[in-house]
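Report on one structure; see the data block that follows.
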Amino acid sequence: MNNQVLQKVLIIGAGHNDIGREGQHDAAVTQIGATIRRLGIAVVLVDNNAYSVAAENRFADKVYIEPLTVASLSRIIEIEQPDGLIPSLGGIQGVNLIQSLISNNVLKNNNVRLLQWDQNTVDMIVNPALMSNRLKAMHEPVISSQVVASEAEAMAVVRNVGFPVIVKSVAPRIEASRQLCEDEDDLQRALTMGFKVSGTKQCIVEQSIVGYKELEFVAVRDHKDTALLISGMENFDPVGIHSADSIVFAPTQTITDQEYQQFRVTTLKIMRNLHLSGSCHVQFALDPTTQNYYVIKVTPYFDRTMALAARATEYPLAQVVANLIAGMSLAEVKLLGNYRKQTALIEPVLDHIVCRIPAWPFNVLNKVSHQLDTVTESTGSVIGIGRSTEEALLKGLRSTDESRYHVIANQPQDYSEGELIQRLIHPQAGRMLVLLEALNRGYQIDELAELTKIDAFYFYKLSHILEIEQALRDRPFDVHALGRAKYFGFTDEDAADAWQTDTKQVRQFALENEIQPTFKEVESTAGEFVEQTNTYYSTYELDNESQQQTGRRAVVIGTGANRIGTNHGNDYMVSQLLFYLKKADYQPILINANPNSVAMTPQLATKRYVEPKQYSDILNVLDIEKPEIILTTYHDYRLGQLLKSLDYQVIQINNSLPREQVKTNDSPAVEVISDGTTVQIFGISEIIAGNNLRANVRGSIEVFPIQDKAENQAIVALSKEIEQRVLALGLPGLYTVRLTIADEQLKLATIEPMSIAMMALISKASGSSVTRLLLHVKLGEPLSKVMYDYPDSSKLKTIFVQANTFPYNQLQMYDENEITGEPGHATGSVIAHGETLKAALAALNAGNEDTDF
Amino acid sequence: MQKEVVDSMAMKRALTRITYEIIEQNKGIKNVVLVGIKTRGVYLAQRIAAQLQQLENTVIPVGELDITAFRDDQPLDQASAPAGYQLAFTVANKRVILVDDVLFTGRTIRAALDALMGGGRPQSIALAVLVDRGHRELPIRADFIGKNIPTARQERIKVAVKEIDGHDSIEIIN
Amino acid sequence: MADRYLILEDGSVYLGEGFGSPAVSTGEIVVNTSMTGYQEIITNQIYHNQIIAFTQPTIGSYGINHDSYESILPTVKGVVVRDVASISTNRQRRWSLDQYLKQQNIPGISHIDTRHLAKQLRASGPMKASIVDVADAHAFDQLGATVLTNQQVAAVATPKPFPNPGTGLNVVVIDFGLKHGILRELSKRACNVTVLPYTATTEEIINLDPDGVVLSTGPGKPQDLPTSVIQMIQGIQTRVPMFAIGLGHELFAMANGAQIMKLSPEHHGANHPIREVITNQIIYASQGQGFAVDPATIDRNKLITTYVDLIDGTIQGLRFRDFPAFSVQFFPDGAPGPTETRGIFDEFVESMQQARGPIW
């Protein structure tokens, strides 16, 4: 790295959220952008993600809501003339774009330095075969693989290494999964898909290592060659199940020091050899019988595992990486907040265990195969933190908000022996229940380890969970049974169920017997040093470390796992709520267990609790914090009601999805805000059919604002009626008033809470955060006080459009009856603008020609 | 065919040891100056000087010597201009440590001694080399040796330094 | 499993569950923050007579492996953990941690709030502690009355010489309670090793015609060793290359006039950044130290500081100015812990080779 002083850097955002691409990139951008700015370097951000938090709230000096294409980026580079480009925040799509910017000489001609990486690293990321050669050159074991351009070539490889093989696309234009192929049919299917998404019309065919242990290591390195490990993590599930779909533990649970050090040293060696500056994630496969290993993948850009490593350790990863990008060494890193001077240099050690559990889309998309393999199906994940493997696992499972039958095998499952074995060998999503069932039916641990390739250690832990549960059942209102159950991660609800009583009774009993949770800080030195991360998790031990926050406390119930439909948008809204609560002089306290959530960004909330959202978990936090107000969002409506009944001041926010899918053109609506006594109009929006964008678009497109003179006049005429109808709802908030045309006249149809997508759209179009406005009216402030930065709607000339993106292709869904494009199926949202609707739609489509709209 | 015989870690250790040995044998670094023989000897000399500075908190002068013109195995017509002697300091009364990457026949060193002697009378001259590969043709030996690498006469030793080659290594080429 | 108690000399009581041996035992309690390698730590003789508390919450999850011993017999007085996995899932199907501690008559106690304990000991420094069945006044009286021996090295070092043959350089290892990792690293480099008791004299060592001498790791306070050890080091260090580790490093420093001080808080883990002075590079190393060389007492005409702990500035390495004799406070063999320091064994081997001169 040369020593030229940086003055302005360009960040290419990750674009819309998707399966495998949750908030982790935007979370990294918010932190890195903010830190770099504080180091006196200007930040220019380009993104088209409607739910980007970084693109609002001044996390960058300048934000371009523009298509993520070479043409658009070239134009921005020419205008902005940045000195440096940060390559690690835009996922694989970003790396592909950078490769084009390099090959088109855009960087060279504008004197833009590629930060963090050598240029050939970009090629190696895009083309795994190059990476594989490089790893071989450094004497690291890699799986034998070959690039093929035809089925015949692929078969030639298979004849050599035999089935099963893994097929992956070369230079994929989208985040493409590795496909496991057991036979010729699988191979043909995988190749067809792989060639289609490949930028070079090639695929890689490689030997399968299904059944190996999968380990993931994350490290940082500076340009002076100081490097340290952030976290070593272990997949519960063996290789063969995509690591995004695996349960993951941090730290590693079952590998010896020798194995651990081997992976640590290899991770650092790879970073040194590639001259990477910043963070890097290396995946390994370990042959459980021989200790031989392979390097599976090297990912030097931000991904879900880096997010997990940061959340698991609370090492200030993004802040540190921002400093490294700005040219500092690890020894020179300046950390904000209460970190120690040397925190960046202390290799994290944990005294807690973190368990990440994937969340699935099946509750909405019920026809998707539940079979777990090398194709990602999970839409998000949550973590459980505890002081034992059992506790971390149970808290993680509970955090998924799935039925608690995932946690305790309450009911014997009715499948046959043969079916059970099939399910053990061919795992499906939410397999924990199957594993517990097998243990309940008396399967031996060694037998299960052999069938599932899951380390026996975990079966001992699962058996222990069953033992504790049985003891709980056998001894109603027994102090020791309850104490022990809670010590290992069970809740009041579990005990209530086992004792056939209600949660309240159990809670009272626990209180009387001094079975009380204690909160511990998540920090990276295992208590060796005093760190203040303001991040806590509960357990049941001697010492409680979380004291009531001073000031006006506002507890915000976070989004939890990213699910399809609302949650990416919801996380964006929660992040904004935290941001503006702080501005409004509240001390926001977040309860959330999603490691990829932008809301978990350290500077947003004053304090964080990484906890499940079950009623008793929430009460435990509230008992300590005793907040002035509690904010809940759409998903936690019932929880909000319960808390209200306990006399907490609860602000329930119900904005989420549009109530119904509108598929026709010309569906205008008026977007309004009410403080309960007055109503103000943001402007007019319209929903247009997806085929205005291009063919094969399943969802519809939101347009804002519409400056149609006739419509405007009609709405002025209707404004009294709109006001009356909105006020009749009685609650302050944001609303969408849908209009219909009857007898060639506009009429009021329905009123519903404004969707989060529309909130994001208006915020971007107006430059005024609609979430801030919502918060203030919900806090009881009059519109006259809060609307100061909302522009005159008639002066908003630029047309903004927004479209949802869907996971149908990724999940290999082809049934026309299922792939309806309704908002509830969305995984993300893209935004664009233009002087005319046509221009805006062209911008929306640019770079998104293959996006599943 | 080329074979890496010393990797970057081993090269780092060799330079580290040479640095300590310089301190050991000179009983400190008073009056010590380093003179690197172009091209790679200069970078090695600079690294040793940086390491000495780390340990002793004293700046050690580093000179560069281009001895092409001084070599007795060069055709005479090329040896006409004795250029390339760029020392920003005098070697008179100094303990000079000559630094080169590879010690082979000894002719380079002899030429370097010729060049150095022209610039005054040093208190002493010592020789540090990263690699001693044997096959001496002159009565010259190194005082500080990073690595003894036995070689066949027809083999070549290639020293790479990260300053110009992008990485550190020693390879045998045959 | 039975309720047992961990009691500390300041009166603290921690209720837990016993595992391993049911014996009552007393020792100084220290906290180790390593993430992996419980077996290596328990069998490291530097922890002789001590009770080890692990901050890593689950201990025992891969049982006991035959290649993870750092001594033949562990002599720790107890193992304190949050959660013990009393199972053996390692490939070799050898002992579980519970079985192993039972065989070795070492009590363990689980379900301890080890984070709280770590924070308490961070503030107080190491204390005497006992693992007992009843935490009554009698137990505290016993604990208070227990005088811990200061003859740890004599208890764990070999009383007799023994060989560890190899085909390369001839190395004498002086045993103060050595870690097997030292022998492992020397073996990897083909050294022909003779291990001598720490009572060996200069003459006895020189009579073996060594190419180099290693002063090993060991337990306890260096000042408790007889002065003959210091004389031996002074006799050897100018004659053949010397490499001193851990307790050996502290003795090497004393032999060259430096003083040793008690370190508080102690270092037991592998997370500290350590600066290698000569290259200005930062490395990570396995540490286990309750003492440190007092920087103020170093004679800079004699010794060079080669490694420094960046957390508290403690000296982590020294080198004799005039001879190839050097030392490190940390464990360069890792086991457990980072392996990037193993190159120091190569430095030692290369020093020995250099001292012998070229082989042609």
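Order of the sequence lines fixes the chain letters, A, B, ..., with proteins taken first and strands second; residue numbering starts at 1 for each chain. Small disclaimer: the values here were computed from a predicted structure and weren't measured. Just so you know, these numbers use all the heavy atoms, side chains as well, and skip hydrogens, waters and symmetry mates.
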[atom1]/[X] to [atom2]/[Y] distance, rounded to the nearest 0.5 angstrom?
{"X": "A:Phe249", "Y": "C:Ser61", "atom1": "CZ", "atom2": "OG", "value": "11.0 Å"}
{"X": "C:Ile311", "Y": "A:Ile346", "atom1": "CD1", "atom2": "CD1", "value": "3.5 Å"}
{"X": "A:Glu259", "Y": "C:Thr36", "atom1": "CD", "atom2": "OG1", "value": "10.5 Å"}
{"X": "A:Leu330", "Y": "C:Ile282", "atom1": "CG", "atom2": "CD1", "value": "7.0 Å"}

C:Glu17, part contacting chain A, at a heavy-atom distance under 4.5 Å:
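Only the side chain of C:Glu17 comes within 4.5 Å of chain A.
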C:Ile283 portion near chain A, given a 4.5 angstrom heavy-atom threshold:
neither
Does any backbone or side-chain atom of [X] lie under 4.5 Å from a heavy atom of chain C? Answer side chain, backbone, both or neither.
{"X": "A:Val265", "result": "side chain"}
{"X": "A:Ala227", "result": "backbone"}
{"X": "A:Glu521", "result": "both"}
{"X": "A:Phe488", "result": "side chain"}
{"X": "A:Arg387", "result": "both"}

A:Asp351/C:Thr55 under side chain to side chain donor-acceptor pair (under 3.5 Å): CA gap, chis, key distance, verdict:
CA-CA 5 Å; A:Asp351 57 7; C:Thr55 56; 5.8 Å; no
Contact winner vs chain C - [options], heavy-atom pairs under 4.5 Å:
{"options": "A:Lys341, A:His352, A:Gln342", "value": "A:Gln342"}
{"options": "A:Gln261, A:Glu390, A:Lys520", "value": "A:Gln261"}
{"options": "A:Ser524, A:Ala526, A:Ala331", "value": "A:Ala526"}
{"options": "A:Thr525, A:Ile255, A:Thr518", "value": "A:Ile255"}
{"options": "A:Thr539, A:Ile445, A:Ile353", "value": "A:Ile353"}

Checking C:His272 against A:Glu347 for the side chain to side chain contact (heavy atoms under 4.5 Å, CB included) test, could you report, in this order, the C-alpha distance in whole Å, the side-chain angles of both residues, the deciding distance, and whether it holds?
CA-CA 7 Å; C:His272 288 205; A:Glu347 199 161 275; over 6 Å; no
Among the listed options [options], the residue most often paired with chain A at heavy-atom distances under 4.5 Å:
{"options": "C:Leu15, C:Thr114, C:Val31", "answer": "C:Thr114"}
{"options": "C:Arg82, C:His268, C:His116", "answer": "C:Arg82"}
{"options": "C:Ser34, C:Gly337, C:Gly37", "answer": "C:Gly337"}
{"options": "C:Lys119, C:Gln39, C:Gln281, C:Arg115", "answer": "C:Arg115"}
{"options": "C:Tyr14, C:Tyr284, C:Phe54, C:Tyr38", "answer": "C:Tyr284"}

Check step by step if side chain to side chain contact (heavy atoms under 4.5 Å, CB included) holds for A:Gln253 and C:Tyr62.
CA-CA 8 Å; A:Gln253 299 289 296; C:Tyr62 46 83; over 6 Å; no
Ignoring hydrogens, what is the shortest heavy-atom contact between [X] and [Y]? Give both atom names and the distance.
{"X": "C:Glu340", "Y": "A:Leu268", "value": "OE1-CD1, 4.2 Å"}
{"X": "A:Ser388", "Y": "C:Thr58", "value": "CA-OG1, 4.4 Å"}
{"X": "A:Leu350", "Y": "C:Met35", "value": "N-SD, 3.0 Å"}
{"X": "A:Asp257", "Y": "C:Pro336", "value": "OD2-CA, 2.9 Å"}

For atom NZ of A:Lys334, decide whether the heavy atoms of other residues, nucleotides or ligands shown that lie under 6.0 angstrom number more than 12.
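For A:Lys334, atom NZ is not crowded (no more than 12 foreign heavy atoms under 6.0 Å).
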Neighbour count >12 (heavy atoms, 6.0 Å) for atom CD, A:Gln444:
no
Evaluate side chain to side chain contact (heavy atoms under 4.5 Å, CB included) for C:Asn271 paired with A:Glu528, printing each intermediate quantity in order.
CA-CA 10 Å; C:Asn271 57 340; A:Glu528 183 180 357; 3.0 Å; yes
Walk me through it: do A:Thr256 and C:Asn65 pass the test side chain to side chain contact (heavy atoms under 4.5 Å, CB included)?
CA-CA 9 Å; A:Thr256 64; C:Asn65 290 293; 3.5 Å; yes
Under 6.0 Å between ring centres: does that hold for A:Tyr540 and C:His111?
no
Looking at C:Asp83 and A:Lys461, is any side-chain nitrogen of the basic one under 4.0 Å from a carboxylate oxygen of the acidic one?
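Salt bridge flag = yes for C:Asp83 with A:Lys461.
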Using modelled atom types only, decide if a donor and an acceptor are shared between the side chain of C:Arg122 and the backbone of A:Phe529 within a distance under 3.5 Å.
yes
